[in-house]
Amino acid sequence: MDLDALLARADGPVTRSRIVRDLTALGLADGDTVMFHTRLSALGYVAGGTSTLVNALLDRVGERGTLLVTCGWHDALPYGFTSWPQSWQDAVRAEHPAYDPVSSEADHDHGRLPEALRRWPGAVRSRHPDVSLAALGPAATELMADHPWDDPHGPGSPLAKLVGLGGRVLMLGAPLETLTLLHHAEALAQAPGKRFVEYEQPVLEDGRRVWRRFRDIDSSGGAFDYSAVTPPGQDPFETIGQAMVAAGIGRRGKVGAADSHLFEAADVLAFGRAWIEENIGGSADAGRSPQPRQAPEDPRP
């Protein structure tokens with residue numbers, strides 16, 4: 001989108017003070033612990049880009065507040081690399097760099113803000129290579145500590161801790177399908193046919209590069225078969241999110257030009273888990289053994 005279009009979208013530049021005012025009107029408060037998802041272009045022309053938005057969020061939550069984002073790892077190996085030609089496997093096992101919470105890039109699919117926040121002075125990032133998160137503020141260390149190697153969306157995860165701390169979720173122009181906290185609902189939901197994946201990644205342990213094997217819900221392909229309970233072509237999280245908003249959960253308003261939502265994390269978890277348990281019926285996949293995902297034809301660029 002060109003500059004003129006961005007300026008027109010928000011009736012002029014979106015400044016730090018304007019974002020703070022809009023966040024205040026939406027209900028974000030001093031001392032909040034908040035996980036945020038952002039589609040930066042939806043806000044309009046943000047004068048100063050990512051740093052302006054992070055600073056505005058810090059202004060709004062204050063010194064007692066904590067910001068949280070989902071990061072992942074952009075250069076993680078595909079889960080199915082074990083089906084590559086043996087010479088390829090040998091090469092990556094010998095030399096693929098280990099995930100480093102300090103230096104490994106956040107997944108570009110999550111947008112610019114996670115990378116900006118994880119690089120921010122004082123930010124803390126969790127140890128899990130595939131589903132790492134980063135936080136900034138007084139609760140950051142507590143939120144990121146001891147991210148479980150297995151079931152990283154479940155009990156003891158940063159997502160679980162966010163709920164436990166009475167945290168909130170802020171959607172700044174981001175589609176509801178990006179509500180990462182719903183993966184925590186999937187991990188806890190008692191419903192048949194839950195799907196799992198197992199995979200390997202290199203990580204650092206005591207400064208040494210080692211290979212670890214991980215087990216998690218299938219957060220990419222789908223932890224459940226939602227095909228019978230979601231409209232064709234619609235992401236299941238979008239369906240759940242729309243149902244949640246229709247039920248009157250959360251607050252809605254504009255931040256810049258962006259349609260935005262502010263939810264209580266506990267409400268997202270409770271609604272998402274109940275929706276899954278009520279809508280997911282029996283499945284032929286129930287109880288199946290974990291399966292690796294299919295490998296792509298070529299490794300990541």
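Ring planes of Tyr226 and Trp275: tilted class, angle from 30 to 60°. Using a 30° and 60° split on the angle between ring planes, Tyr199 and His128 fall in the perpendicular class, above 60°.
Hydrophobic clustering (ILVMFWY, side-chain heavy atoms < 4.5 Å, transitive): Leu58 and Leu40 are in one cluster. Cluster annotation: Val102 and Val124 are assigned to distinct hydrophobic clusters (Ile/Leu/Val/Met/Phe/Trp/Tyr, side-chain heavy-atom contacts under 4.5 Å, transitive). Under the 4.5 Å side-chain heavy-atom criterion for grouping Ile, Leu, Val, Met, Phe, Trp and Tyr, Val131 is not connected to Leu143 through any hydrophobic cluster. Cluster annotation: Leu26 and Val20 are assigned to distinct hydrophobic clusters (Ile/Leu/Val/Met/Phe/Trp/Tyr, side-chain heavy-atom contacts under 4.5 Å, transitive). Both Leu23 and Trp120 belong to a common hydrophobic cluster when Ile, Leu, Val, Met, Phe, Trp and Tyr are linked at side-chain heavy-atom distances under 4.5 angstrom.
The two residues Leu159 and Thr180 have their closest heavy-atom pair at CD1-O, 4.0 Å. Residues Ala258 and Leu43 approach most closely at CB-CD1, 3.8 Å, considering heavy atoms. Nearest heavy-atom pair across Met171 and Phe263 is CG-CE1, 4.0 Å. Pairing each heavy atom of Trp211 with each of Phe81, the nearest pair is CZ3-CZ, 3.7 Å. Of all heavy-atom pairs spanning Tyr99 and Ser132, the tightest one is OH-CB, 3.2 Å. Val203 and Pro129 get closest at one heavy-atom pair: CG1-CG, 3.8 Å.
Around CD of Glu95, the count of heavy atoms belonging to other residues, nucleotides or ligands within 6.0 Å does not exceed 12. Surrounding CD of Glu205 are more than 12 heavy atoms belonging to other residues, nucleotides or ligands, all under 6.0 Å away.
Panel note: side chain Arg125, backbone Cys71; no donor-acceptor pair is recorded below 3.5 Å. A donor-acceptor contact shorter than 3.5 Å links the side chain of Thr52 to the backbone of Ala47. Using modelled atom types, no side-chain atom of Arg168 and backbone atom of Val34 make a donor-acceptor pair closer than 3.5 Å. For the pair Lys194 (side chain) and Ile217 (backbone), a donor-acceptor distance under 3.5 Å is absent. Side-chain atoms of Asp225 come within 3.5 Å of backbone atoms of Ser227 as a donor-acceptor pair (strictly under, hydrogens ignored). Arg273 contributes a side-chain N or O that, together with a main-chain N or O of Leu188, makes up a donor-acceptor pair within less than 3.5 Å. A donor-acceptor pair is defined here as one N or O able to donate and one able to accept, closer than 3.5 Å; no such pair exists between the side chain of Glu177 and the backbone of Glu238. Here the side chain of Asp218 pairs no donor or acceptor atom with the backbone of Val197 at under 3.5 angstrom. Not a single donor-acceptor pair under 3.5 Å links the side chain of Thr239 to the backbone N or O of Thr230. A donor-acceptor pair is defined here as one N or O able to donate and one able to accept, closer than 3.5 Å; no such pair exists between the side chain of Thr70 and the backbone of Leu133.
Annotation: side chain of Arg213 is not in contact with side chain of Arg215 (no heavy-atom distance under 4.5 Å). Between Thr66 and Val61 the shortest side-chain heavy-atom distance does not fall below 4.5 Å. Looking only at side-chain heavy atoms (C-beta outward), Val69 and His110 stay at 4.5 Å or farther from each other. Residues His37 and Val169 have side chains in contact (heavy-atom distance under 4.5 Å, counting atoms from C-beta outward). Under the 4.5 Å side-chain criterion, counting only non-hydrogen atoms from C-beta, Arg39 is not in contact with Thr178. Within the 4.5 Å cutoff, the side chain of Leu57 has heavy atoms near those of the Leu170 side chain. Looking only at side-chain heavy atoms (C-beta outward), Ile276 and Phe224 come within less than 4.5 Å of each other. Arg112 is not listed as a side-chain neighbour of Thr38, based on a closest heavy-atom distance of 4.5 Å or more.
Between the CG atom in Asp30 and the CG atom in Asp59 there is a gap of 11.0 Å [rounded to 0.5 Å]. To the nearest 0.5 Å, atom NE2 of residue His153 and atom CG of residue Asp130 are 7.5 Å apart. A distance of 5.0 Å separates CZ of Phe271 from CD1 of Ile249, quoted to the nearest 0.5 Å. Interatomic distance, Met35 CE to Leu67 CG, rounded to the nearest 0.5 Å: 12.0 Å. Note that the NE2 atom of His108 and the CG atom of Asp75 stand 7.0 Å from one another [nearest 0.5 Å].
Between Trp84 and His96, the distance separating the two ring centers is not shorter than 6.0 angstrom.
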With side chain to side chain contact (heavy atoms under 4.5 Å, CB included) as the criterion, how do Leu176 and Met244 come out once you've worked through the C-alpha distance, each side chain's angles and the decisive distance to 0.1 Å? CA-CA 10 Å; Leu176 294 172; Met244 186 168 60; 5.7 Å; no
Would Asp22 and Lys254 satisfy salt bridge (charged side-chain N to carboxylate O under 4.0 Å, His left out), going step by step from the backbone distance to the final call? CA-CA 7 Å; Asp22 290 348; Lys254 291 277 192 181; over 6 Å; no
As a quick check of understanding, evaluate side chain to side chain contact (heavy atoms under 4.5 Å, CB included) for Arg93 and Thr82, giving each step before the final call. CA-CA 10 Å; Arg93 285 192 181 278; Thr82 51; 3.9 Å; yes
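In this structure, the side chain to side chain donor-acceptor pair (under 3.5 Å) partners of Glu115, at least two apart in sequence or on a different chain, are Arg118, Arg119.
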